[in-house]
Amino acid sequence: MTTKPIDASEAARNGGAGRTAPATEHRYRKNVEWDSVTWATHCVDCYPGNCPYRVYVKDGVIVGEEQAGTMPVVEEGVPDMNPLGCQKGAAWSGLLNAPERVLHPLKRAGARGAGKWAEVSWNQALTEIADHILDAIEEDGPETIINEGTPGEGGLMTGFMFSRLIGLLGGLALDTNATINDFSPGIYLTFGKFDPASSIDDIFHTEFVMYTHSNPAYTMIPSFHFTTEARYKGAEVVVVAPDCSPSHTHADYYVPIKPGTDAALGLAMAQVIIEEGTYNREFVCEQTDLPLLVRVDNWRFLRGSDMRDGARDDQFYIWDEVTDALAEAPLATLALGGLRPALSGSRSVQLKDGTTTHVVSVFELMKERLAGYTPEKASEMCGVNPEMIRTLARKIASKRGSIFCGGTSFKYYHSDLMLRSYLLVLALTGNWGRKGTGPVEWSVAGFDGPFLSFAKSDVGRGEARKVLELRKALTGAIKNEDPTMTEEMAHIELMHRFAQVQGQVPPAMLWYEHWGYKENWNNRDYNDPSMQRPFDDFIKEALAKDWWKAPARTATTKTPRVYFEVGGNAMRRTRGGQNLMLPNIWAKLRCAVSVDWRMNTTGMWADYVLPVAHHFEKMAFMFPTPHLMNLTFSDKAVEPPPGVMAEVEMAVMLAEKIEERAKARGITEVTDALGAVRPIAGLRNLFTMNGALDNTESVAREWVSDAVESGNLPEGTSLDTLREKGYMRFLNWGMGPMSHSQAADIKMDETHTAFTWHTEKKVPYPTLTRRAQFYIDHEWFMEADEALPCHKDNPPQGGDYPFSMTSGHNRWSVHSMNITNKTLLQTHRGRPHLVMNDSDAARLGIRDEEEVDVHNDLGTFIVPVKLSPSVRPGQVISYNGWEPYQYKTWKGASDLEPGMVKWLHFAGDYGHLRYWPLQWQPVPFDRGIRVEVSKID
Ligand code: SF4
């Protein structure tokens, strides 16, 4: 007798070897059969994202997607990261057949925004776009080609390819951190970098965490479990929020606060800590500028240049209690040696011209400032009970504590003051650079592939090595100019110098000149009253003193003509939205191109829409972050629809077309405004490294190979091994603009804690004073009385209206792309809404679900109201991410935002106050906009 071998998979499908499945069970099991399974993640600005998923395909169609749940334990005793994922990720493939999907290149066939389109061939679309580009280059110069910076739906390959192409032509890329408003000026002012980002599992070590400007139950779905797990082992959790945030149910203390008044709370906590003497003197003296001396005759730091000829202007001083004499603060280290700085008292010092002046420490000045912020006084400003302020101050002073300042903290007009105040609390209590402590922001690091591959002159690891060696030589030369510089400072200096000649620019001056913000920014009523001169005065001064250098000069002389939005949605996201952009920048453009998988609001107003493959239809990398410490790979699971392609292939075709059309015009090269000559003959070869990088797979292979050369990934890692494993923990921070800012060694068996180089190795910070800096003696800051942090009310941006409109991410849109996902829309009311307090609504006669008119000086939108007693009276919440076309009049909250920037953020020529990519620059705010809410007759 012969036996038939058992097919193990068939047996498993049948519920066990030898068992025959009943027909219904068999039908059920057939639903979960697949032909192939690939790794995936969601390559969109879902910070920190990077959740590894498995995607199942049968007969060329995605039949399932699930969390991989395979992240290893990193540190013994600390829970692993599993299961990373959220409801958006679980419904992702539904977008592949979304009704807004674009499946052919489209050309506008009527007026802009009229909704009339013609399907055109790729050849026609790219030929016409190439001609617009060449017209712009010939008539006005390449700087008139604008690439709107966006994290890009589609991962690193989306943005990098078009940025590289437009950069090769001499066009400009708007700094992403400005366009998405994710820059925190307060953290930057204090640390000279804005992105301490300990890993998400590090929070497990905390004993006390204050969530401010953050609603982690909505926005940290994959990682919030570390907070609840920390709480299970004894940590206390505080949620500080104006509304009774959905996260408050997970907290030990919910602290209601008036919107935009966090600086008062932070300063009052600092006041209690100093008054009760519970501050960490050693940390304060070593890590911060609080012991540095300030002259009382001009309120400037006492500097080397005050004391002797030829001395450094950035040499600062302390008063040494051991010798009872003036002493230079060390420059090359934070270690104080035998010095014991005095924190209190006034002394007189003799200056180099023989005159004497009195000096006091920053700490002394801070104490005076904090006298205005006793808990009782601060309570009047922020509404937090004085005893609660004392409780919070005492707890954080006695514990391993963290203040988690979420993304909303960047988006208030006075966000810098709020963050400086909270950082002061952390400084006084020694709460950063230790496990489970610190402020938490965002960062990108650990993957040099994209940077290296495009800095090389040819493919291969040998070329990558040459770039790394060149970079080392350049930073070495910079350090030779000043041997007291740290490695981090040298890299920042290199990036600052490089920013003068590369195409990525801070967009503020362009916005001012061309986007239509000029009028709003000059509206005195929308600005803080402490701005003592017209806004224009500050802009003129910054330009006259050349603080913003080449990018600002270009912005004032060149008018944008060709505009690319690749994988983003500026018309939804930009403060001021359609009301601002359409009559201003849009009216100046000769050609606007949206490169996207779908028709979004920007596409609706564009001249061309070029359709790209969706996630799961192409290979991609999500940008890796210190929060997860892994490079995550997303493979192609299914073929894109016919005629739709990935960005790499599309950009290569465009390069080829530009070269072809240029040849027909006899153009072989272009000279940019800085005099650099850029070849157009041979553009395709230049762009693709002689054809070696002309498709997604070859680019991905090169990036991974270069990342191995750079030491980001272990030897032996390749695209093939990533395809098998799905993700890889990175070994070093890499060379990207943010890489050195973590200031910490990566330990493979420990959670990542930012800033340990500063606290443990005593490496100085990249600020003017080389310490965490709380005193900014820039003339503008002194004029505004913001040399030290203080509280200032949010100005009435938008006009004199009774409601304060705030925002944040809703449960369904940590990123905005899924806001139209049909599956997700069925899990809530399925349309935009405005959350309003029920007593306010009753007073105005507004019912739940009733459509209301929301308006201010800038415009109007119509939206149904969702009544909730969780919102404080006087506040309304319009959560972020809705497409304007989901509203009745196709206008949303962003259309009512004046997009104010703070005038002080144009300051320059002061230590760390200078631009380098993703860092110091003005960004528009959108929280606390004044609006009226009215019934519609
Ligand atoms: Fe993770 Fe973001 Fe994907 Fe959700 S959408 S599963 S948080 S990567």
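Note that ligands are numbered from 1 as they come in the structure, with each ligand's atoms numbered from 1 the same way. We're numbering straight along the sequence, starting at 1.
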Mutual orientation of the aromatic rings belonging to His42 and Phe616 [parallel < 30°, tilted 30-60°, perpendicular > 60°]: tilted
Side-chain heavy-atom pair Asn50, His627 within 4.5 angstrom cut-off: no
Least distance between heavy atoms, His815 atom then Cys46 atom: CD2-CB, 3.5 Å
Contact summary for Glu724 and Trp39, nearest pair of heavy atoms: O-NE1, 2.8 Å
Per-residue contact class, His815 against ligand 1 - non-hydrogen pairs under 4.0 Å: side chain
Tally of protein N, O or S atoms, where distance to atom 3 (Fe) of ligand 1 is under 2.8 Å: 1
Residue portion contacting ligand 1 (non-hydrogen atoms closer than 4.0 Å) for Asn818: neither
Those atoms of ligand 1 less than 4.0 Å from some heavy atom in Asn50: 8 (S)
Plane angle bin for Phe162 and Phe564 - parallel if under 30°, tilted between 30 and 60°, otherwise perpendicular: tilted
Arg573/Glu565 ion pair, N-O < 4.0 Å: yes
Exercise: identify the closest heavy-atom pair between Leu719 and Phe633: CD1-CE1, 3.7 Å
